[in-house]
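Below is one structure, written out as structure tokens; comments come after it.
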Amino acid sequence: MRYALINPPWRFEGSIYFGCHERHLPLELGYTKALLEAEGHDAALFDAHAFGWSTKLLAAAVAGYGPDITVIGTAPTYLFWRCPPPELRVPQEVAEAIRESAGRIVLVGPHGSTTPRALLNKVDADAAVIGECEATLPRLADSSDWSRMEGLAVRGSDGRIHINGGPRAVDMASLPALRWPREVLHEHHHHRFDDRGHGLGAEMEISRGCPYACTFCAKDNYRDKYRRRPLETVLKELDGLIEQGVGYVYFVDEILLPDNALLDALEKRDIEFGVQTRIDLWKPDMLDRLGEAGCVSIEAGVESISDDGRDLLNKRCKLSSAQLRDRLIHAKKSVPFVQASLIDSGGEDLDAVERWRQEVLEYGVWANKPVPMFPYPGSPGYVHRFGFPDEKAWERAVSYYIDRYGEFSDIQEQQPLPLEQLELPRPL
């Protein structure tokens with residue numbers, strides 16, 4: 001069976017999406033390719049974002065390959081599955097362009113995991129994976145009848161959409177060490193703002209999921225339960241990247257937890273890295289170890305500087321605002337770039353927030369002005385406000401976001417547009 005795996009040519013004008021616009025390695029497609037090839041299938045990765053391909057050029061490349069099954073991602077990479085672009089404009093355009101030569105089209109990503117029916121009503125595809133995709137995609141070759149396959153939403157011959165079971169989760173031990181072609185490695189060092197660093201950049205994951213359930217995080221339908229990859233596999237993948245000239249790795253883990261064995265291994269290697277974590281989980285001595293191991297970038301999810309705000313967000317944080325400040329300042333002693341990410345929880349004293357920001361900024365810790373909280377469909381915050389997601393969930397969330405906030409944060413680059421203006425019209 002021949003699989004075409006597509007990372008679309010992403011663009012974000014008019015979107016509420018304030019994630020990084022640079023190219024990143026599509027980890028989920030990389031794992032899938034390796035697993036498919038291990039089972040004897042042909043698999044080709046078409047990374048249109050990495051190569052700057054137009055949709056027309058991508059369609060020509062896919063047609064030349066002649067796949068039986070084509071997989072299209074609905075979010076840039078695992079790094080952004082929990083904060084994806086709400087709009088499906090780019091996957092719509094790709095599916096339309098490749099339809100005649102793609103074989104059967106399957107969508108993977110957070111949209112199908114949360115609102116599979118809405119996704120298949122918008123994008124001309126045959127099926128959508130619900131949850132993590134790596135274990136499901138190889139099974140598609142086993143049968144031409146997908147109508148009852150678990151973890152899949154399927155468009156039937158009658159045009160009706162059938163939802164089979166809930167989100168699938170992958171056994172992390174089953175995911176191999178990835179090896180990327182050198183041409184898809186990049187020079188972007190994600191979230192490292194101090195300098196360009198040395199060597200090429202790459203993304204990896206050590207763990208998946210998170211043991212917390214913050215109200216703003218849409219992880220319940222994908223990457224939910226916390227799981228680690230075997231350290232041996234992680235290090236094999238890392239060593240392969242280093243051999244290819246990679247000098248910086250960004251770990252896409254939702255939350256990197258303290259791990260002495262990992263830090264021991266990283267300290268022995270010539271590699272710099274960036275992480276996302278909660279600063280309250282790291283004691284000062286472990287932050288020192290993190291810096292010694294090569295960490296040059298920490299994105300710390302503080303979210304709120306008040307006890308009430310953190311409780312409202314269900315952060316389950318045991319440190320006070322002053323202790324969080326001190327922990328961030330301590331981290332800056334050994335890690336060149338430290339960021340405190342803040343969210344507008346709706347109950348903040350903005351003057352107090354600004355004073356706290358200035359306190360950490362004086363010590364070189366970057367803290368953004370609070371980001372308006374987007375109610376991602378599937379997040380506890382969305383469910384509390386609107387109920388469980390339906391076919392209008394993404395439109396409802398974007399409209400709420402635009403209507404509620406008259407101005408946006410310092411990391412929102414442009415005025416967002418309603419979803420109806422960003423997506424192609426629904427088919428009749």
Side-chain angles (χ1 to χ4, degrees), residues 2-15 17 19-33 36 42-81 84-130 133 136-137 140 146 152-155 161 184 394 417 419-427:
R2 294 171 70 82
Y3 284 75
L5 310 174
I6 294 178
N7 185 30
W10 298 105
R11 66 183 195 277
F12 310 103
E13 64 272 12
S15 178
Y17 175 77
C20 181
H21 292 190
E22 298 286 342
R23 60 190 176 108
H24 305 88
L25 297 177
L27 298 180
E28 66 279 9
L29 300 183
Y31 293 130
T32 298
K33 183 176 187 297
L36 287 168
D42 288 329
L45 176 57
F46 296 85
D47 195 337
H49 196 204
F51 295 121
W53 289 353
S54 66
T55 302
K56 183 178 181 180
L57 184 58
L58 170 63
V62 171
Y65 179 64
D68 301 296
I69 297 173
T70 296
V71 178
I72 304 174
T74 68
T77 179
Y78 266 154
L79 177 59
F80 299 113
W81 268 44
E87 71 279 359
L88 292 162
R89 166 183 50 195
V90 175
Q92 285 177 322
E93 292 172 350
V94 169
E96 184 178 277
I98 67 172
R99 177 76 271 185
E100 293 184 3
S101 58
R104 301 172 83 178
I105 298 176
V106 182
L107 306 173
V108 301
H111 303 81
S113 303
T114 301
T115 55
R117 195 178 306 278
L119 174 64
L120 288 177
N121 279 333
K122 292 182 178 184
V123 182
D124 184 13
D126 300 283
V129 174
I130 305 172
C133 61
T136 299
L137 290 172
L140 300 181
W146 297 349
L152 206 64
V154 182
R155 192 190 307 280
I161 296 168
V184 304
W394 297 91
L417 298 174
L419 207 58
E420 293 82 356
Q421 295 183 36
L422 297 178
E423 294 181 334
L424 302 178
R426 288 175 179 244

Would you say that P26 contacts I6 through its side chain, given a criterion of any heavy-atom pair below 4.5 Å between the two side chains? no

Answer yes or no: is there a side-chain heavy-atom contact under 4.5 Å between V123 and I105? no

Hey, does V184 have a side-chain heavy atom less than 4.5 Å from the side chain of F51? yes

How about L152 and V129: do any of their side-chain heavy atoms sit closer than 4.5 Å? yes

Is any side-chain heavy atom of F46 less than 4.5 Å from a side-chain heavy atom of T70? no

If we only count heavy atoms from C-beta on, is the E96 to D124 side-chain gap below 4.5 Å? no

Check whether any side-chain heavy atom of Y3 lies under 4.5 Å from a side-chain heavy atom of T32, and answer yes or no. no

Please check: side-chain N/O of W146 versus main-chain N/O of L140, any donor-acceptor pairing under 3.5 Å? yes

Compare every heavy atom of V94 with every heavy atom of P8, then report the nearest pair and how far apart it is. CB-CG2, 4.0 Å

Could you work out, with side chain to side chain contact (heavy atoms under 4.5 Å, CB included) as the rule, every residue matching P85, not counting sequence neighbours? F12, S15, Y17, P76, E87

Find the distance between CD1 (I98) and CG (L58) and round it off to the nearest 0.5 Å. 6.5 Å

Assign the ring pair Y78 / Y31 to parallel, tilted or perpendicular, where the plane angle (0 to 90°) is split at 30° and 60°. tilted

Out of curiosity, W394 CH2 to T114 OG1, how far, rounded to the nearest 0.5 Å? 5.5 Å

Quick one: pull up CG in L120 and CG in L107 and give me the separation to the nearest 0.5 Å. 6.0 Å

Check: R155 side chain, A125 main-chain N or O, donor-acceptor pair, under 3.5 Å: yes

Which of L88, V108, V90 passes side-chain contact (heavy atoms from CB on, under 4.5 Å) with T74? It is L88

Does a side-chain heavy-atom distance below 4.5 Å link P110 with W81? yes

For E420, is the CD atom crowded, meaning more than 12 foreign heavy atoms sit under 6.0 Å from it? yes

Output for pair (E22 CD, H49 NE2), nearest 0.5 Å, gives 7.5 Å

State whether the side chain of D126 and the backbone N or O of V106 hold a donor-acceptor pair below 3.5 Å, judged by distance alone. no

Applying side-chain hydrogen bond (donor to acceptor under 3.5 Å, both in side chains), name anything that partners T77, two or more places apart in sequence or on another chain. none

Do you know the tightest heavy-atom contact between P9 and T55? CG-OG1, 3.9 Å

Could you give the distance from CZ (R89) to CG (L419), rounded to the nearest 0.5 Å? 9.5 Å

Would you give the length of the straight line joining atom CD of E28 to atom CG of L137, rounded to the nearest 0.5 angstrom? 10.0 Å

Could you pull out the closest heavy-atom pair between A97 and A59, with the gap in Å? O-CB, 3.7 Å

Give the minimum heavy-atom separation between F80 and G19, together with the two atoms involved. CE2-CA, 4.0 Å

Correct closest heavy-atom pair for L424 and Q92 would be N-OE1, 2.7 Å

Kindly give the heavy-atom pair with the smallest separation between A43 and L5, and that separation in Å. CB-CD1, 4.4 Å

